[in-house]
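Each chain gets a letter, A, B and so on, in the order its sequence line appears, and its residues count up from 1.
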Number of protein chains: 2
Amino acid sequence: MKPRTRNGQDLLTPAAVVDRALMLADAEGLGAVTIRRLAHELDVTPMALYWHFASKEELLDAMADGLLTEMLAIAGPVETVPAGPWRQQLAALLDAQCTVLRAHPSVAPLVWTRNNLSDAALRLTERMLAVLRRAGFSPTDATRIARRAARMTTALVAVRAQFVDGDGDPDRVRDRLSALPIDEFPRVVEAAVALSGCDGPDEHYGLELVLAGIEAEAARLTPFSEPNPPPTPDRAPPQP
Amino acid sequence: MKPRTRNGQDLLTPAAVVDRALMLADAEGLGAVTIRRLAHELDVTPMALYWHFASKEELLDAMADGLLTEMLAIAGPVETVPAGPWRQQLAALLDAQCTVLRAHPSVAPLVWTRNNLSDAALRLTERMLAVLRRAGFSPTDATRIARRAARMTTALVAVRAQFVDGDGDPDRVRDRLSALPIDEFPRVVEAAVALSGCDGPDEHYGLELVLAGIEAEAARLTPFSEPNPPPTPDRAPPQP
DNA sequence: CGGTCCTCCCGTACGCTGTACAGGTATGAA
DNA sequence: TTCATACCTGTACAGCGTACGGGAGGACCG
């Protein structure tokens, strides 16, 4: 329970390092997460971190995994499926994902880009697949949809995060757009206001768009509509 | 026409630098694009590049712009709209985007993350907005949809690109997935094969999913269905 | 023809990065 | 008490982006 100490100083733990790294990333962007900087914040020599993580890459993996764990905590255990229609369950899962990602936007680019076989990642995929399988998708279809959905949500937040990073001035852009030759760029000039402003924080980052796409794919794949179509396994479980 | 020379040596041009940088990124990943490395490839001192680009950031911008220009070339000039249904026009635009991005996967993360006001970027948005406006969307709706669509496609390719980078072994993953406790991860074990393999190159990176989502949004926004609903401007053109 | 300016590039140097390698020191076991 | 192990420090190195100053060559003007 209580952290082991040495010389009266608390010992460094990987979890503490990851926590601090996440704080740092949230506060000053992923670029501020530096071995030296992180070590300084933890009152420790840079090389001390290399006892717990083999490389910075591994540390980044751990950070990504931290987010996955948060998502899992929000989504709740596997048994806690609200038993509603599958679209709703799926929406809840993706929403949890978006919530966590939006809380740590600058870490988002890390999350589903590394193929994580960690416990949290596996449990999340398990949940996702469970929902989709129960909706009647075959394992391969469920996999494809799950993968795409996960990637889309993270991708949306990630792109947005990097975007905000390199963003320029707020309405300087609008002025430049409005000043364009109207005969060459009529639509751009017309939409200068909308184009220059970033979309409000209430927007779901296109989550509903992703969901709509999935529903459309669902309709295409399983013509029988809603309540519990028979599962259609297209591939036997892995050979023994 | 012929490049200016000095001392018999061809002068360095920004375009040449960008070309070389793109080659380098395609061949060895974005991480290999280094001022020093690039300069070496161009038989020039690192600081020579800083005459043509104020910073590396600016060079990356130029690289992104290179891709946008390629897209524009594929999509053709604005007048070349095939006059089919708008979904088809939109699909063609997004498809061009995907084609170029897939040709330079490691550069993809750069493309729509920086808010580019370059000529190519503007012309592309103009085309996109034109299609959507003609489909009956209001300027703000068209902007929102265009932005999301662009981000999604790039995001999909970008995530995939970074993913391939850090990828591990091909079927080592499958074995690990199959070996999971089946009572805890039944769905994962069941879909081990599908999960371990990356989706084939023929897949459109979820492009059709994005399109389906947009169509759904379209149906929600403009209840009158297809042929040329009246344009519904929701905001006057910029004040004089 | 000589001088002057501007364009384009080189050399050096600084502070930053990740991290290899060797050396220490406190702790728990024997 | 002795020793192995776990954890951390110190030093050093190659590579990064880039600030600053200088210098060679063509262009232009007298």
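- Taking the side chain as every heavy atom from C-beta outward, A/L129 and B/L195 approach each other to under 4.5 Å.
- Listed by chain and number, the residues in a side-chain hydrogen bond (donor to acceptor under 3.5 Å, both in side chains) with B/D26 are B/H104 (sequence neighbours excluded).
- Not one side-chain nitrogen or oxygen of B/W51 sits closer than 4.0 Å to the OP1 or OP2 atom of C/dC9.
- In this structure, A/L49 atom CG and D/dG10 atom P are separated by 14 Å, rounded to whole Å.
- Every residue two or more places apart in sequence or in another chain was checked for a salt bridge (Lys or Arg N to Asp or Glu O under 4.0 Å) with A/E58, and none qualifies.
- The stretch residues 58-65 of chain A has no heavy atom under 4.0 angstrom from DNA chain C at all.
- The phosphate of C/dC9 has OP1 or OP2 within less than 4.0 Å of a side-chain N or O from B/H52.
- Partners of A/A21 according to the side chain to side chain contact (heavy atoms under 4.5 Å, CB included) rule, which considers only residues two or more places apart in sequence or in another chain, are A/V33, A/L38, A/L59, A/M63.
- Screening residues 61-73 of chain A for salt bridge (Lys or Arg N to Asp or Glu O under 4.0 Å) gives A/D61-A/R114 as the qualifying pairs, with residues at least two apart or on separate chains.
- Distance, A/H40 NE2 to C/dC16 P: 12 Å, rounded to whole Å.
- Applying the salt bridge (Lys or Arg N to Asp or Glu O under 4.0 Å) test to residues at least two apart or on different chains, the pairs with a partner in residues 41-53 of chain A are A/R20-A/E41, A/R37-A/E41.
- B/A48 comes within contact range of the sugar-phosphate backbone alone, with a heavy-atom separation under 4.0 Å but no base atom that close.
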Go along nucleotides 13-23 of chain D 5' to 3' and tag each nucleotide: B for a protein heavy atom under 4.0 Å from its base, S when only backbone or sugar atoms are that close, - otherwise.
---BBBBB---
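- The salt bridge (Lys or Arg N to Asp or Glu O under 4.0 Å) search around A/D119 returns A/R123, not counting sequence neighbours.
- Contacts of B/D19 classified as side-chain hydrogen bond (donor to acceptor under 3.5 Å, both in side chains), with partners at least two apart in sequence or in another chain: none.
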